[in-house]
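Chain letters run A, B, ... following the sequence lines, proteins first and then strands; every chain starts at 1.
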Number of protein chains: 2
Amino acid sequence: MKHSEKLTAKEEEVMAVLWKLKKAFVKEIQEELEGNQHYNTVSTLVRLLEDKGYVAYKVFGKSHQYFPVVDKKSYSEKILEQNSSRFFDGSYKNMVSFFAQQDKISEQELEEILELIKNKS
Amino acid sequence: MKHSEKLTAKEEEVMAVLWKLKKAFVKEIQEELEGNQHYNTVSTLVRLLEDKGYVAYKVFGKSHQYFPVVDKKSYSEKILEQNSSRFFDGSYKNMVSFFAQQDKISEQELEEILELIKNKS
DNA sequence: TCTTAGTAACCAACTATTTAGTAGAATAAG
DNA sequence: CTTATTCTACTAAATAGTTGGTTACTAAGA
């Protein structure tokens, strides 16, 4: 796949809607988006996403029902990867330490996560 | 505070250099940046950053030595905050769980962080 | 003094992104 | 058959971001 291209802010907003709704017609995306965008604006964005390989569609009569081809997880991962390298020398440990130091995550919550992964393996 | 404006990609690159060097003349920033940028390009970027309240400078003869006014920590925090809300319902716990699940951080490392914050309090 | 070099400031040109109008096809309604 | 509606596709226009040329100033050196 070639969804390597980076998304612009607006394209990402559209993806967020599609990740939420799983599948949607342009009109539905439009309704879900903040600050009412013009129908054609949304249509353009969704087609740009198609070009970039982020979405695909099923034909229903004359209209297209779009759905994500790239999932939220792998996209999030890519973004976080970038952040990790921009701000924490690529170390997730550093990033999490930072959260802890800023009280963004508590001792208790870290314990819970630890339990979670212990039980996974 | 008036450094609320968001930074563009290039502006952020310049900030990264300043965070690293602590203070620098345009020429030094230019040398530190990837893919040699034109001197004037760098100069423009740094002045845009000044307008946005991200940097300030000391005058040395005819030239300006720039330094960050916004620190890396608070900027990182802002960006991560955004990511957290875009991808994890604003929950840092969710974000860290995600890292753990993706094996971006190990059990061992989490234990270490936990120790760290236990000793802090 | 005159020239050269280095720099900030300004700004025009270019590229990328966002917005929305227009055209045309398909379909439904009168 | 004609008109209105709805949707995709295309594209022009507006806006934002990036790049580097030009100018003016100052200092240094011939």
**OP:** Applying side-chain hydrogen bond (donor to acceptor under 3.5 Å, both in side chains), name anything that partners K20(A), two or more places apart in sequence or on another chain.
**Re:** E32(A)
Subject >> N/O (side chain, R47(B)) to phosphate O (OP1/OP2, dA9(C)) under 4.0 Å >> reply: yes
Original post:
Which residues within residues 10-36 of chain A lie with some heavy atom under 4.0 Å of an atom in DNA chain C?
Top reply: K10(A)
Original post:
With Q108(A), which residues qualify under side-chain hydrogen bond (donor to acceptor under 3.5 Å, both in side chains), at least two apart?
Top reply: E112(A)
**OP:** Check side chain to side chain contact (heavy atoms under 4.5 Å, CB included) between S91(B) and all other residues, then give those that pass, not counting sequence neighbours.
**Re:** K93(B), N94(B)
Subject >> Listed partners of E11(B) passing side-chain hydrogen bond (donor to acceptor under 3.5 Å, both in side chains), at least two apart >> reply: T8(B), K52(B)
Original post:
Base, backbone or nothing for each nucleotide of nucleotides 21-30 of chain D, written B, S, -, heavy atoms under 4.0 angstrom, 5' to 3'?
Top reply: BB--------
Subject >> Per-nucleotide pairing state of DNA chain C [Watson-Crick or G-U, under 3.5 Å; [ ] pseudoknot-crossing; | other strand] >> reply: ||||||||||||||||||||||||||||||
Protein-nucleic acid N or O pairs under 3.5 Å, nucleotides 14-16 of chain D:
none

**OP:** Quick one: list whatever passes side chain to side chain contact (heavy atoms under 4.5 Å, CB included) with Q37(A), sequence neighbours left out.
**Re:** K10(A), L33(A), T41(A), V42(A)
Subject >> Set of residues satisfying side-chain hydrogen bond (donor to acceptor under 3.5 Å, both in side chains) with respect to Y57(A), sequence neighbours excluded >> reply: none
**OP:** Can you sort out the partners of E50(B) under salt bridge (charged side-chain N to carboxylate O under 4.0 Å, His left out), two or more places apart, ordered by chain and number?
**Re:** none
Original post:
With a 4.5 Å limit on heavy-atom distance, are the side chains of L116(A) and Q101(B) in contact?
Top reply: yes
Enumerate donor-acceptor pairs with a distance under 3.5 Å from any side-chain N or O in residues 62-69 of chain B to protein atoms, sequence neighbours excluded.
unit_1	atom_1	unit_2	atom_2	d
S63(B)	OG	F60(B)	O	3.4
H64(B)	ND1	Y66(B)	OH	3.4

